[in-house]
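Worth saying up front: this structure is predicted, and the values here are computed from it rather than measured. The first residue of the sequence shown is numbered 1, and numbering continues consecutively from there.
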Amino acid sequence: MSTQEELQEIDEDLARLRAEAAELRGQVGEIGPTDAVERSTLINMADEREARAAELEVRREELLKRLGDE
């Protein structure tokens, strides 16, 4: 896989992860105040997606730097 292809794949993954995290956070607001377990689960899932997105951002920056060096 070329650097450009990997960069495109990362951009797609970032968009998907960010959308999923936003959707999960939106669902937290829709849950009734008594369902703390489900709310906590949704928050944890959103946090996991945001952490993965942060990892992909680092990788994306590395790829951009590599492209700049080529």
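- Here CG of Leu63 is found 12.5 Å from CD of Gln8. Values are rounded to the nearest 0.5 Å.
- Leu56 and Ile10 make their closest contact through O-CG2, 3.7 Å (heavy atoms, listed as atom of the first residue, atom of the second, distance).
- Atom OG1 of Thr41 is separated from atom CD of Gln27 by 11.5 Å, given to the nearest 0.5 angstrom.
- Remark: Glu20 CD to Leu24 CG distance equals 7.0 Å, nearest 0.5 Å.
- When each of Glu12, Glu57, Glu50 is paired with Arg18, the salt bridge (Lys or Arg N to Asp or Glu O under 4.0 Å) condition holds for Glu57 and for no other.
- Residue Glu9 holds its CD atom at 4.0 Å from CE of Met1, rounded to the nearest 0.5 Å.
- Atom CZ of residue Arg52 and atom CG of residue Leu17 lie 7.0 Å apart, to the nearest 0.5 angstrom.
- In this structure, CG on Leu42 lies 9.5 Å from CD on Glu30, to the nearest 0.5 angstrom.
- Using modelled atom types, no side-chain atom of Glu61 and backbone atom of Val58 make a donor-acceptor pair closer than 3.5 Å.
- Considering only residues two or more places apart in sequence or on other chains, Glu62 meets the salt bridge (charged side-chain N to carboxylate O under 4.0 Å, His left out) condition with Arg59.
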